S.K.: 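Next up is a structure, given as structure tokens.
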Amino acid sequence: MTGSSRRDFLRDSAVLGAASLMAPATMAAAPALTHDTAQPLTPHTGALDMVAQDEAYWKKVADQYRVTDAVTNMEAGYWGLMSQPVLAKYHEHIDRMNRENSYFARREFPALMRNARDRVAQFVGAKSTEIALSRGATEALQALISQYNKVGPGDTVMYADLDYNAMQWAMNGLAERRGAKVARFDIPEPATHANIMEAYTRALDANPRTKLLLLTHCNNKTGLLLPVKDVAALAKSRGVDVVVDAAHSFGQVPLTVDEVGADFIGLNLHKWIGAPVGAGAMYIREGKLEAIDRAHADESAPADRIDSRLHTGTVNFATVMTIPDAIDFQQSIGIPQKAARLRFLRDRWAKAVRNVKGVDVLTPDDTPLTGAITAFRLNGKGTREANNAIAKTLLDEFGVFTFQRTGIAKGDCVRVTPTLYNTPADADKLAAAIKTIVARA
């Protein structure tokens with residue numbers, strides 16, 4: 001994005017009264033990614049730590065979002081709000097497609113859709129020919145799993161307790177149709193890099209006929225960041241293909257497809273990249289297309305193109321058109337800077353309660369294994385009812401919105417997900433509420 005286009009983009013937001021973002025004062029000594037320069041801050045831990053705590057700067061970022069004051073929302077993991085500049089562009093695109101109808105859709109939209117795909121490919125470090133746009137990570141992953149054709153009778157497909165429920169079901173369905181078996185195991189809790197690798201090694205050793213392994217990079221239940229590149233390398237060394245659920249990954253932490261290390265990835269654009277709801281993408285590494293069957297014998301695209309592996313029908317034109325705007329906004333902040341801020345807010349509440357007797361913080365403090373999302377449960381309170389009750393108390397009594405998550409081997413939990421419009425005061429409010437609830441117990 002050129003300096004001129006960055007200025008144009010922020011000028012558009014002035015219509016909604018949003019303040020222009022400026023580089024944090026603490027970044028004065030380092031190259032800053034602002035709306036006037038394309039030079040990102042060099043990823044330096046000390047500099048990023050200072051940026052993460054520059055409240056004047058992050059107030060200006062938060063001002064780019066219009067957020068309800070009815071509740072303190074710490075459940076940003078469901079989907080991400082569009083910033084005001086992106087929302088303005090979305091409305092503009094809706095008006096255009098509604099006004100110009102099929103005259104626009106038939107003649108001009110195909111080029112805009114290709115541009116959106118190209119921008120996504122650039123953002124995740126892929127080739128455009130390796131990306132197909134979807135309506136979300138679930139749609140992309142279900143296609144990758146259900147259309148995978150390298151598993152047969154007597155083979156094994158594998159996943160862990162922390163993997164997303166819908167993807168587990170897709171793996172079960174694949175195994176049933178192909179006459180294969182399912183191998184399921186549990187991620188250690190508390191998790192470390194070493195015990196995660198040991199768990200996957202044991203599982204693969206016990207199931208030598210495994211053909212497809214499902215990995216979740218950023219877990220939607222606990223927030224654990226799995227060392228997917230290391231696990232994928234382990235699996236590939238045994239001839240196992242890997243499909244990665246990256247629904248929460250891109251935009252939350254700095255990441256490229258090469259750093260994921262898998263041949264098949266499904267990702268969202270409406271969570272941490274802030275596009276309108278209903279935007280995602282499928283990634284198939286070049287040279288691996290033949291492992292995925294065409295979608296429903298689709299002939300609308302050549303068999304040697306990724307487009308034939310995902311057929312969504314008529315797309316939401318305005319949503320697709322807004323994808324580049326959302327990427328522009330995220331890049332104007334900088335993903336390393338954003339990740340540092342999210343981690344700062346996460347640490348603010350999680351470290352405040354980690355050593356409180358009666359509280360189990362499920363996500364480690366180890367930097368490579370943690371981003372914004374973190375979950376907790378009270379000692380011995382792993383039922384769905386208990387965690388629903390905790391989330392309800394946090395909302396009803398303390399005005400903090402979180403969400404209960406299920407499917408974890410050692411019990412349900414409450415998920416906490418701060419985002420760019422949250423403040424240290426929000427994190428402190430949550431920590432104080434958890435301490436009060438534990439004291440009562």
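Hydrogens, waters and symmetry mates are skipped; everything else that's a heavy atom, side chains included, is used. Since the model is a prediction, treat every value here as computed from it, not as a measurement.
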S.K.: Identify the two heavy atoms, one from L225 and one from G371, that lie closest to each other, and give their separation to 0.1 Å.
M.R.: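 Smallest heavy-atom distance, with atoms named: CD1-N, 3.7 Å.
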S.K.: Just by distance, do the side chain of D186 and the backbone of A199 share a donor-acceptor pair under 3.5 Å?
M.R.: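 Checking the backbone N and O of A199 against the side chain of D186, no donor-acceptor pair under 3.5 Å is found.
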S.K.: Would you say the side-chain atoms of R178 pair up with the backbone N or O of Y148, donor to acceptor, closer than 3.5 Å?
M.R.: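 Flag set: sc R178 to bb Y148 pair under 3.5 Å.
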S.K.: Identify the heavy atoms of R348 and P424 that sit nearest to each other, and give their distance.
M.R.: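 Here R348 and P424 meet closest at CZ-CB, 3.6 Å.
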S.K.: Verify whether one side chain among N73 and Y421 offers a donor that lies under 3.5 Å from an acceptor in the other.
M.R.: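 Side-chain D/A pair, N73 to Y421: present.
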S.K.: Check whether any side-chain heavy atom of I273 lies under 4.5 Å from a side-chain heavy atom of I327, and answer yes or no.
M.R.: yes
S.K.: Just by modelled atom types, is the W272 backbone N or O under 3.5 Å from a matching donor or acceptor in the K338 side chain?
M.R.: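 Such a contact is found between K338 side chain and W272 backbone.
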S.K.: Can you name the nearest heavy-atom pair linking P188 to N195, along with the distance?
M.R.: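 Shortest heavy-atom contact: CG-O, 3.4 Å.
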S.K.: Taking 4.0 angstrom as the limit, do D95 and K89 come out as a salt bridge?
M.R.: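 Result for this pair is no, no salt bridge flagged.
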S.K.: Examine R107 relative to Y103 and say whether NZ or CZ is less than 6.0 Å from the centre of the six-membered ring and inside a 45° cone about the ring axis.
M.R.: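 Yes, R107 and Y103 form such a contact.
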S.K.: Apply side chain to side chain contact (heavy atoms under 4.5 Å, CB included) to the pair N379 and D360, showing each step before the final yes or no.
M.R.: CA-CA 6 Å; N379 292 166; D360 294 327; 2.8 Å; yes
S.K.: Could R343 and D347 be called an ion pair, given the rule that one side-chain N must be under 4.0 Å from one carboxylate O?
M.R.: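 D347 and R343: salt-bridged.
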S.K.: Between D163 and R184, does any NZ, NE, NH1 or NH2 come within less than 4.0 Å of an OD or OE carboxylate oxygen?
M.R.: no
S.K.: Are the side chain of N207 and the backbone of A203 linked by a donor-acceptor contact shorter than 3.5 Å?
M.R.: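 Here the side-chain-to-backbone pair exists.
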S.K.: Can you see which heavy atom on L342 is nearest to which on P418, and at what distance?
M.R.: CD2-O, 3.7 Å
S.K.: Can a salt bridge be assigned to the pair E108 and R96 using a cut-off of 4.0 Å between side-chain N and carboxylate O?
M.R.: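 Salt bridge: yes.
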S.K.: Does I145 reach the side chain of M167, with side-chain heavy atoms less than 4.5 Å apart?
M.R.: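 Yes, their side chains come closer than 4.5 Å.
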S.K.: Checking side-chain contact (heavy atoms from CB on, under 4.5 Å) between V151 and each of T210, D241, L174, L212, which is the one that passes?
M.R.: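 It is L174; the other options fail the test.
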S.K.: Is there a side chain to side chain contact (heavy atoms under 4.5 Å, CB included) between T201 and D205? Walk through the geometry before answering.
M.R.: CA-CA 6 Å; T201 300; D205 283 346; 3.7 Å; yes
S.K.: Work out which heavy atom in R135 is nearest to a heavy atom in H270; give both atom names and the distance.
M.R.: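 So the two residues come closest at O-CE1, 3.8 Å.
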S.K.: Under a 4.0 Å threshold between the charged nitrogen and the carboxylate oxygen, would R285 count as salt-bridged to E130?
M.R.: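 Answer for the salt bridge query: no.
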S.K.: With the threshold set at 4.0 Å, does a side-chain nitrogen-carboxylate oxygen contact exist between D54 and R341?
M.R.: no
S.K.: F185 and Y159: ring pair (Phe, Tyr, Trp, His ring centres under 6.0 Å), yes or no, with the steps?
M.R.: CA-CA 7 Å; F185 69 100; Y159 58 79; 8.9 Å; no
S.K.: Does a side-chain N-to-carboxylate-O contact under 4.0 Å join E290 and K150?
M.R.: yes
S.K.: Is there a donor-acceptor contact under 3.5 Å from the side chain of D258 to the main chain of G125?
M.R.: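 No, because the side chain of D258 does not come within donor-acceptor range (under 3.5 Å) of the backbone of G125.
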S.K.: Shortest non-hydrogen contact from E259 to K229?
M.R.: O-CB, 3.3 Å
S.K.: Return yes if some donor-acceptor pair links the side-chain N/O of D230 with the main-chain N/O of P227 below 3.5 Å, else return no.
M.R.: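 Not a single qualifying donor-acceptor pair exists.
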S.K.: Which residues satisfy the ring pair (Phe, Tyr, Trp, His ring centres under 6.0 Å) test with F109, sequence neighbours excluded?
M.R.: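 F317.
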S.K.: Step by step, work out the side chain to side chain contact (heavy atoms under 4.5 Å, CB included) result for T312 and E139.
M.R.: CA-CA 9 Å; T312 59; E139 181 178 62; 3.1 Å; yes
S.K.: So that I can tick it off, tell me whether R377 and E189 are bridged by a salt bridge, with the cut-off set at under 4.0 angstrom between side-chain N and carboxylate O.
M.R.: yes
